[in-house]
Number of protein chains: 2
Amino acid sequence: MKKGEATRARIIDETGRQAAIRGFGAISLGDVAEAVGLSKSGLFKHFDSKEAMELATLDAGFDRFIAFVWADADDLPPGRARLENVFERWLDWTEVENAAGGCLIVAASTELDDQPGPMRDLLQQRVRAWRQRLAGEMKALREPPMSDAEAESVVFQMKSFILGHSELRRLLDDTGARAAARSAFDSLMARTRNP
Amino acid sequence: MKKGEATRARIIDETGRQAAIRGFGAISLGDVAEAVGLSKSGLFKHFDSKEAMELATLDAGFDRFIAFVWADADDLPPGRARLENVFERWLDWTEVENAAGGCLIVAASTELDDQPGPMRDLLQQRVRAWRQRLAGEMKALREPPMSDAEAESVVFQMKSFILGHSELRRLLDDTGARAAARSAFDSLMARTRNP
DNA sequence: ACAAAAAGTGACCGATCGTGCCCTTTCCGG
DNA sequence: CCGGAAAGGGCACGATCGGTCACTTTTTGT
């Protein structure tokens, strides 16, 4: 009922935090349990296995990501304004909100991209859905709308700049990372919009 | 002497392979030893600790990366031709040469970007050196040479497309990943070169 | 060929891994 | 307020973790 759900949420939260830092494969049930103030066996009342816990964490991570990045997108007109806001919040997500550990999704993507299983399947499905949402948004940049292929190409570059920003900011401690990403994205938008 | 060096190289090779797949934090000495045909204690005659083994592996990984990607760059004129060759071989490196596990450096970068220690220090130092080499190359695209800031901005985008390609190809199994990356890079080169 | 050095083995250490079982405590609907 | 269900703890399991030590086998320089 109520209590259980709250504990489950705390477990998921802590798992996400640790997995973003050390990777899903390197976290341990004991560490998560201790950080959350539970015994290892207490954890198993909420998840049947470590993998079930990881799956729930990854799924919740996507929900949190979309809720954060898309927060004020619904109030904005489709197209450029909305895309620029999403990009800006996406940068926030990487360097501010998730200050400790960076984006869980990016971490999981490079960790699990060659390990078959339900984790990778979930990752694929939700990343594809996110890219499709962005691609749909890209089409509003032009009238008549650009082709699917062109929209996907723009999404590719947008996501690329997010990944580049993440490396520059998080690994190389470059404070100019945000400016570099924004400038690259602005240039992309400028040469993509309706003439 | 001779025999030891060969074994050490095999260990490093196998460690790199496994770390690219599962991450440095998730590999175990036992697995590496077994795969290489050694006992765990045999491993310790070549490395004093797991971390020393990981450091040697990461360092050697950079050497192999540069040797592969830069292979025919020295025979090419500086500037656009050389950069395009490097980019092409960089894509090769991700999707062909390192078919199993992808690029060790990319994997290590996202895994270790928030774990302080000698591994992250080494990563920073060598990634910075590589970016500086590329930035120097960028300057040959223009006469008079572009500013440091502008060169770094172009390097940022180049590296971003590499990361984007890696995700598209390895996580999303998108066979069009290479074309997307090449097209984005071509466009970048076109608007960067000497007018 | 020989001795010293290097390479490699097997047993073992304490700690921790994910997990199952059984018990107690706490919560919540009737 | 009560009874059943949910939440959580204690404990132990077999396996594996990184690492040490004493020992044997192989390699190498001379």
Side-chain angles (χ1 to χ4, degrees), chain A residues 1-60 108 111-112 115-120 122, chain B residues 1-60 108 111-112 115-120 122:
Chain A
M1 311 280 184
K2 266 308 189 46
K3 178 86 177 304
E5 284 174 15
T7 307
R8 187 185 154 98
R10 274 164 49 224
I11 296 173
I12 285 177
D13 198 61
E14 181 62 30
T15 303
R17 188 172 300 119
Q18 295 200 15
I21 297 179
R22 312 194 304 173
F24 277 106
I27 65 173
S28 84
L29 291 179
D31 287 348
V32 172
E34 191 186 18
V36 123
L38 276 180
S39 64
K40 271 200 298 176
S41 21
L43 270 190
F44 277 89
K45 290 295 143 83
H46 301 278
F47 303 98
D48 290 339
S49 69
K50 192 195 179 195
E51 189 177 50
M53 186 179 82
E54 293 175 348
L55 279 168
T57 300
L58 187 56
D59 206 49
E111 180 187 357
L112 302 168
Q115 298 181 250
M119 288 287 283
R120 193 180 110 110
L122 176 63
Chain B
M1 310 280 179
K2 267 308 187 51
K3 177 88 177 303
E5 284 173 15
T7 308
R8 187 185 154 99
R10 274 166 47 225
I11 296 173
I12 285 177
D13 199 61
E14 181 61 30
T15 302
R17 189 172 299 117
Q18 294 200 16
I21 297 179
R22 310 194 306 175
F24 277 105
I27 65 173
S28 84
L29 293 178
D31 287 348
V32 171
E34 192 185 17
V36 129
L38 275 180
S39 63
K40 267 200 302 176
S41 25
L43 270 191
F44 279 90
K45 287 286 145 62
H46 301 277
F47 302 97
D48 290 340
S49 68
K50 193 196 179 196
E51 189 176 52
M53 185 180 84
E54 293 175 348
L55 279 168
T57 300
L58 187 55
D59 207 49
E111 180 187 358
L112 303 167
Q115 296 182 248
M119 288 287 282
R120 194 181 111 110
L122 175 63

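Of all heavy-atom pairs between A:Ile11 and A:Met53, the closest is CG2-SD, 3.9 Å. Pairing each heavy atom of A:Ala35 with each of A:Gln18, the nearest pair is CB-NE2, 3.8 Å. When all heavy atoms are compared, the tightest approach of A:Ala56 to A:Phe47 is CB-CE2, 3.7 Å. Contact between B:Ser49 and B:Phe44 at its shortest, heavy atoms only, is CA-CE2, 4.2 Å.
For the segment residues 37-44 of chain A, the set of residues with a heavy atom within less than 4.0 Å of an atom of DNA chain C comprises A:Lys40, A:Ser41, A:Phe44, in numerical order. Contacts between residues 47-56 of chain A and DNA chain C, defined by a heavy-atom separation under 4.0 Å, are made by A:Ser49, A:Lys50.
Atom NZ in B:Lys3 sits roughly 14 Å away from atom P in D:dG29 (whole-Å rounding). Spacing between atom CD of B:Glu34 and atom C1' of D:dA15 amounts to 14 Å, rounded to whole angstrom units. In this structure, A:Leu29 atom CG and D:dG8 atom C1' are separated by 15 Å, rounded to whole Å. Between the CD1 atom of B:Ile11 and the C1' atom of C:dA7 there is a distance of 10 Å, given to the nearest Å. Taking atom CZ on B:Arg8 and atom P on C:dA7, their separation rounds to 10 Å, with Å as the unit. When the P atom of C:dG18 is taken as reference, atom NZ of A:Lys45 falls 18 Å away, rounded to whole Å.
A sub-4.0 Å separation between OP1 or OP2 of C:dG8 and a side-chain N or O of B:His46 is present.
A:Glu111 places a side-chain N or O within 3.5 Å of a backbone atom of A:Gly25 that can act as its donor or acceptor partner. Side-chain atoms of A:Lys45 do not come within 3.5 Å of backbone N or O of A:Gly4 as any donor-acceptor pair.
Taking 4.0 Å as the cut-off between side-chain N and carboxylate O, B:Arg10 and B:Glu14 do not count as a salt-bridged pair.
A:His46 places none of its side-chain heavy atoms less than 4.5 Å from the side chain of A:Ile12.
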